[in-house]
Structure formats: C-alpha cells, structure tokens
Amino acid sequence: MWGGRSGALLRLSGLWPIEVLGRRPLNCSAASLAGSSSPRCWNCGGLGGPLQGDRFYCPQCRALQPPDPTRDYFSLLNCKRSFTVDTAKLQHRYQQLQRLVHPDFFTQRSQTEKDFSEKHSTLINDAYKTLLAPLSRGLYLLKLRGVEIPEGTDCEMDSQFLMEIMEINEKLAEAQAKQKELTDNVSRAFERDDFEKAKELLTKMRYFSNVEEKIKIKKIPL
C-alpha cells in the first residue's frame, strides 16, 4: 500500500514498527479480538489509532491517524519538560517529524489523510516555534503548570525595571529616526549625483545595519 518516497523515508527512519512491515493489513474482525477499549483506526477500524510516540500510522492498515489532542509540545518534540532545551536536538526532531507527516508526501493519498497531514504539520510547526524561543517556551511551560500571565500586569513590575524598558524604547526610537534621516539624505545625494556624500552617508548606514544584525543574532535562542 505504501510505496515511493514516503514509504522509503518511513522505513529508513525506523518510524514504522518493524513487526508491521511486510504484514498484510488485518481486517476489523481480526483486530477486534485484541479488545475494544483502545482507540480505533478511522480507516480499518483496527485497534491502535490514534497512536503514541512516533507511530502516527495504524499498525494494521498503515493509514495516517489524527493528531493526539492530549499531547503537549515537549512530548511531541521529545524534549524534557524544562525551560532549558537542546536547540540542535529540537531542530533535528522537528525535521524528523516533518519528513514523517509533511503534506508533500500525501498528494496521492486520501483526502482524510491529507487533512490529517496538514493538521500534524501545523501542530509540529507551532510546537517547534513555541519551544525554540525562550519567552514562548517559558510561557508555555507555565501554562502546562496552570499558571498564566494576564494582560495588564505592569503594575506588578518594579519601577526601576519599567524605567529601563522606557529608556530602551526611547533609544530604539531614536535609532529608527536616525536611520530614516540617513536614508532620506542618501536619496537626495544620489539625486544630486553627489556620490562622495552618498558614500559618506552609506558608510554611516552600514554601521547601523551592523548593529541591527547584532541585535538579531542576540535574539536567536541559545
């Protein structure tokens, strides 16, 4: 049933159970002999779907199952529920899961599996973005503990910290205004064919650009 690129990727990655490979799908009657308390596959009615771990596929008919709504982001991305995460491992896990359920591998599958693939991919993207950034990771970790930060909590911040934030905002506004001023002046210099002046101004703009790049690098989670 499974073939081509998607099947090969699943076999190579070991995300299909070894005992399932090469087996013929069980019919509903055979699957029902194992019991009736487990979730059933939407496609064949067999036991085992939705599945835990990396087994997103029914072990009987190998149809993609819907996402598990009870699974948290840390479990999905195989991370310890902690504020400190290994971002390299996080990225590897993200890429691994996308190879497993990405919509590109389901263009020839049923509409139901296409829909499930889209949901899985969206969920994995949301989980990765949330756990990658320290702020969103921390807020999500608090949420899992039943703690949320409501809007309008400025009054709980100490005055010194709020003053520091205001000063930073003012400096950022000044930098943006200076950048716009330099841009306007460069434009006028080129209109006058004053290339020496344009060179001088662009040199200054390059310093601003270097500062912006450093800020972006600092924002990348460590």
Under the side chain to side chain contact (heavy atoms under 4.5 Å, CB included) rule, collect the residues that match up with Gln176, sequence neighbours excluded. none
Salt bridge (charged side-chain N to carboxylate O under 4.0 Å, His left out) pairs touching residues 114-129, sequence neighbours excluded, are none
When you compare the side chain of Leu142 with that of Glu148, does any pair of heavy atoms fall below 4.5 Å? no
Leu123: partners by side chain to side chain contact (heavy atoms under 4.5 Å, CB included), with sequence neighbours left out: Pro67, Tyr73, Leu76
Using 0.5 Å steps for rounding, measure from the SG atom of Cys79 to the CG atom of Leu90. 4.5 Å
Taking Gln60 for its side chain and Gly46 for its backbone only, find out whether a donor-acceptor pair lies under 3.5 Å. no
Which residues pass the side chain to side chain contact (heavy atoms under 4.5 Å, CB included) test with Glu196, sequence neighbours left out? Asp194, Lys199
Asn43 and Cys58: CA distance, side-chain angles, deciding distance, side-chain contact (heavy atoms from CB on, under 4.5 Å) verdict: CA-CA 9 Å; Asn43 184 51; Cys58 172; over 6 Å; no
Lys171 meets the side chain to side chain donor-acceptor pair (under 3.5 Å) criterion, sequence neighbours left out, with none
Is there any ring-ring contact (aromatic ring centres under 6.0 Å, His included) pair reaching into residues 118-137, and which pairs are they, with sequence neighbours excluded? Phe56-His120, Tyr94-Tyr128
So how far is it from Leu201 CG to Leu182 CG, rounded to the nearest 0.5 Å? 6.0 Å
Do Gln96 and Arg93 meet the criterion of a side-chain donor-acceptor pair at a distance under 3.5 Å? yes
Going from CZ on Arg62 to OH on Tyr57, what distance comes out if it is rounded to the nearest 0.5 angstrom? 12.0 Å
Partners of Lys197 by salt bridge (charged side-chain N to carboxylate O under 4.0 Å, His left out), sequence neighbours excluded? Glu200
Do Arg188 and Asp184 sit within salt-bridge range, that is, some charged N less than 4.0 Å from a carboxylate O? no
Who passes side chain to side chain donor-acceptor pair (under 3.5 Å) against Asn78, sequence neighbours left out? none
Pairing residues for Ser117 by the side chain to side chain donor-acceptor pair (under 3.5 Å) criterion, not counting sequence neighbours: none
Given the rule in the side-chain contact (heavy atoms from CB on, under 4.5 Å) test, do Met205 and Val186 qualify, once you have shown the distances and angles that lead to the verdict? CA-CA 9 Å; Met205 285 186 66; Val186 169; 3.7 Å; yes
Glu164: what forms a salt bridge (charged side-chain N to carboxylate O under 4.0 Å, His left out) with it, not counting sequence neighbours? none
List in chain and number order the residues that pass side chain to side chain contact (heavy atoms under 4.5 Å, CB included) with Asp72, two or more places apart in sequence or in another chain; answer none if no residue qualifies. Phe74, Ser75, Arg81, Tyr140, Leu144
Any sub-3.5 Å donor-acceptor pair from Gln65's side-chain atoms to Ala63's backbone N or O? yes
Are Ile168 and Met163 co-members of a hydrophobic cluster defined by side-chain heavy atoms under 4.5 Å apart? no
Nearest 0.5 Å please: distance from the CZ atom of Phe83 over to the CG atom of Leu141. 8.5 Å
Is it true that, when you exclude Gln111 itself, more than 12 heavy atoms of the residues, nucleotides or ligands shown sit nearer than 6.0 Å to its CD? yes
Measure the shortest side-chain to side-chain distance between Phe116 and Trp42 over non-hydrogen atoms and say whether it is less than 4.5 angstrom. yes
Given side chains that start at C-beta, do those of Thr130 and Arg137 come closer than 4.5 Å, heavy atoms only? no
How about Phe105 and Leu100: do any of their side-chain heavy atoms sit closer than 4.5 Å? no
Going by heavy atoms in the side chains, are Ile149 and Leu139 under 4.5 Å from each other? yes
Is there a side-chain contact (heavy atoms from CB on, under 4.5 Å) between Thr112 and Leu64 once you walk through the steps? CA-CA 9 Å; Thr112 299; Leu64 180 65; over 6 Å; no
Using only heavy-atom distances, determine whether the side chains of Asn125 and Gln98 contain a donor-acceptor pair under 3.5 Å. yes
Mind listing the closest non-hydrogen atom pair of Ser121 and His102 along with its distance? OG-CD2, 4.4 Å
Nearest 0.5 Å, please: how far is CG in Asp86 from CD in Gln91? 10.5 Å
Excluding sequence neighbours, so at least two apart, what forms salt bridge (charged side-chain N to carboxylate O under 4.0 Å, His left out) with Lys143? none
